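The block underneath contains the structure these notes are about, expressed in structure tokens.
Just so it is clear, the values below take in all heavy atoms, side chains as well, and ignore hydrogens, waters and symmetry mates. None of these values were measured; they are calculated from a predicted model. Just follow the structure's listing: the first ligand is 1, and inside any ligand the first atom is 1.
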Amino acid sequence: MGETSEKSPSGVKYFRLSEIEEQKSIKSTWIIINYKVYDVTKFLEEHPGGEEVLREHAGGDATESFEDVGHSTDAREMAGSLLMGELHPDDRHKIEKPQETWVTPVADEYRRSFEMSFLRVNQVSSATDAIVDQTRDQTRDQTRDQTSGPDQDVEAPAHLSQLHLDNEHFTTISVLTITHHENVDAAVLLSRRGHAVVTPWFRSTAARRGPMSRSLLQFHAGGESPSPGQTAENGRGENEEADEEEDLDDEADASQLERFMRDRRRARSLPAYPAALLDGVPESDSRKRVKFADSMGLDLASVKHFSALEEPQIPSKVLSRHRSFPPQELFTDLCHSFTSSLDRLVSCFPEPLDTERRVQLLRVCLEKITITHFEVRGQIRVLCGRRVKEVGVRYTFNDWLSHVDAQALHVAAEESGTVGERFGFTVYTPPFMDPSSAVHFAVYLKSDEGEFWDNNEGRNYTLRYRCMGGTSAAFT
Ligand code: HEM
């Protein structure tokens with residue numbers, strides 16, 4: 001078998017890339033993940049993600065796709081049983097791709113062009129030492145690659161003003177707050193692997209923020225930094241003074257940052273972080289360095305935010321992934337058919353009352369919900385009456401230990417024969433939910449006449465997460 005029999009000093013069998021590439025037939029399917037070679041031929045039919053995705057990568061490198069899915073520990077252990085050996089070290093460079101920057105698709109209403117921006121951490125609450133990392137160097141390299149975006153005026157780069165990290169899953173960001181001067185419609189967090197998470201754009205109520213128990217990315221828009229009193233419960237008290245001191249530091253840094261952004265427009269090959277900012281912080285500096293991670297647990301290197309100038313690029317692989325999980329209409333009138341049509345989801349919706357009556361009764365009511373693999377989209381019917389201030393959904397992933405308000409956008413005016421106007425919202429479901437966990441939510445209307453709620457007659461609406469086939473679980 002010639003080269004195939006070559007082994008590492010530790011006895012690992014090495015395969016040349018050419019040999020692996022030959023294994024993409026009906027009879028045999030090999031893939032490479034993190035330079036390890038797997039024979040997935042017998043696993044094709046069993047693969048919970050489908051045969052097709054494995055075949056697509058037959059004979060080649062599937063690392064990125066494998067990691068993007070956020071495979072579980074079970075999946076990784078399972079892969080061990082399919083392991084054949086490793087890609088020969090001399091061939092590894094052949095499968096290395098240039099870093100690419102891509103974003104996951106966002107809802108149409110959020111789809112905007114983006115410009116490069118970057119963040120600094122100036123306040124970290126409830127962070128554990130375990131997350132302290134050497135991320136700056138990585139970030140610098142990655143961001144340099146990404147700064148070749150459109151040459152736009154970036155007078156006011158976004159900066160990270162608060163970051164609350166989940167102690168339990170310290171690789172995930174629980175609540176991330178960005179303050180910035182312009183209004184933006186969506187934000188994308190990029191990982192070192194190029195993976196991205198798009199958050200729904202909404203104005204959160206800063207005062208209500210608290211540490212979430214699951215991965216959740218949350219952005220605060222609107223130009224004003226939240227006041228210190230608005231930070232989450234953790235990290236206050238004795239840290240308060242230190243935080244304030246750090247705020248002062250940050251003001252000083254801000255001018256350097258602005259200078260850097262100006263320079264960047266002149267010379268794009270500059271490092272993405274101002275040297276003064278990087279070098280000014282000695283290695284022994286006691287400030288925390290934070291390793292960012294997206295909701296898949298992948299490292300984050302930079303933050304992009306959208307302005308109204310350019311369409312984001314959506315790679316075909318992302319679109320195809322989304323096509324594999326088409327949205328399912330769950331109910332059009334109120335969720336009578338919800339439990340019966342989707343036995344994988346358990347819900348606590350009320351007996352169906354027609355939307356017309358409910359909206360007249362409550363002024364606001366949940367009309368429809370659509371669930372995909374990644375998100376829950378809902379439609380709210382609102383009796384507008386006096387001036388509407390805000391329509392939205394309040395939801396929780398942790399049984400109301402904390403919650404988030406997401407604003408709904410106006411989608412349709414009153415139609416003849418129906419009462420009220422329609423608003424739409426999107427809630428992105430975190431991938432690391434326990435099989436027993438649920439999303440609880442209620443919808444609200446804030447108007448000049450007061451606050452009105454449809455909370456399912458006090459019980460709230462609930463979508464339960466159910467395990468399928470032992471290892472996989474989904475919100476579909
Ligand atoms: C040795 C290779 C692989 C093994 C053992 C494996 C195993 C699994 C398992 C056990 C699941 C269920 C969810 C979980 O436990 O994470 C899963 C889901 C999935 N896998 Fe893989 N997988 C492999 C490779 C791949 C590759 C290369 C791709 C993409 C190109 C892929 C795409 C998916 C998708 C899309 C899902 C569904 C995700 C979901 O339902 O959340 N898998 N895989």
- Run down the list Leu83, Ile31, Val53 and name the one with the heavy atom closest to atom 28 (C) of ligand 1. Val53

- Sidechain-backbone polar pair: His57 side chain, Ile31 backbone, donor-acceptor under 3.5 Å: no

- Query: Within a strict 4.5 Å, meaning less than it, do heavy atoms of the Arg394 and Trp453 side chains meet?
  - Reply: yes

- So the atoms of ligand 1 within less than 4.0 Å of a heavy atom of Phe43 turn out to be 3 (C), 4 (C), 5 (C), 6 (C), 7 (C)

- Without swapping roles, check the side chain of Ser28 against the backbone of Ser25 for a donor-acceptor pair under 3.5 Å. no

- Message: With heavy-atom distances below 4.5 Å as the criterion, would you say the side chains of Asp405 and Tyr444 are in contact?
- Response: yes

- Message: With heavy-atom distances below 4.0 Å as the criterion, list the atoms of ligand 1 near Ala75.
- Response: 5 (C), 7 (C), 8 (C), 9 (C), 10 (C), 15 (O), 16 (O)

- Message: Regarding atom 15 (O) of ligand 1: of the candidates Ser72, Gly80, Ala58, which has the closest heavy atom?
- Response: Ser72

- Note on the structure: Under 4.0 Å from one or more heavy atoms of Ser65, ligand 1 contributes atoms 29 (C), 30 (C)

- Contact check, Thr73 vs ligand 1, heavy-atom distance below 4.0 Å: no

- Task: Return yes if some donor-acceptor pair links the side-chain N/O of His47 with the main-chain N/O of Gly50 below 3.5 Å, else return no.
- Result: yes

- Between the side chain of Asp91 and the main-chain N/O of Leu17, is any donor-acceptor distance below 3.5 Å? yes

- Short N/O distance, under 3.5 Å, between Tyr38 and ligand 1? no

- Message: Against ligand 1, does Asp74 come closer than 4.0 Å with any heavy atom?
- Response: no

- Task: With heavy atoms of Phe66 as the reference, note each atom of ligand 1 found under 4.0 Å away.
- Result: 3 (C), 22 (N), 23 (C), 24 (C), 25 (C)

- Message: Strictly distance-based, threshold 3.5 Å: is any side-chain N or O of Asn456 a donor or acceptor partner for the main-chain N or O of Arg459?
- Response: no

- Query: Which of the atoms in ligand 1, numbered in the order shown and given with their element, are less than 4.0 Å from a heavy-atom of Met78?
  - Reply: 10 (C)

- Item | Residues which pass side chain to side chain contact (heavy atoms under 4.5 Å, CB included) with Glu86, listed by chain and number, not counting sequence neighbours | Val12, Tyr14, Lys36, Arg92

- Query: Between the main-chain N or O of Val40 and the side-chain N or O of Thr29, is there a donor-acceptor pair closer than 3.5 Å?
  - Reply: no

- Check each atom of ligand 1 against the heavy atoms of Ala62 and keep those under 4.0 Å away; list them by number with element. 27 (C)

- What angle, in degrees and rounded to 10°, do you get at atom 21 (Fe) of ligand 1 when you join it to NE2 of His71 and to NE2 of His47? 180°

- Considering the heavy atoms of Ala79, write down every atom of ligand 1 situated less than 4.0 Å from one of them. 1 (C), 5 (C)

- Task: Please answer whether the main-chain N or O of Leu366 pairs with a side-chain N or O of Asp454 as donor and acceptor at a distance below 3.5 Å.
- Result: yes

- Message: If we set the cut-off at 4.0 Å for heavy atoms, which region of His57 has an atom near ligand 1: side chain, backbone, both, or neither?
- Response: side chain

- Task: May I ask you to list the atoms of ligand 1 that are less than 4.0 angstrom from any heavy atom of Ile33?
- Result: 2 (C)

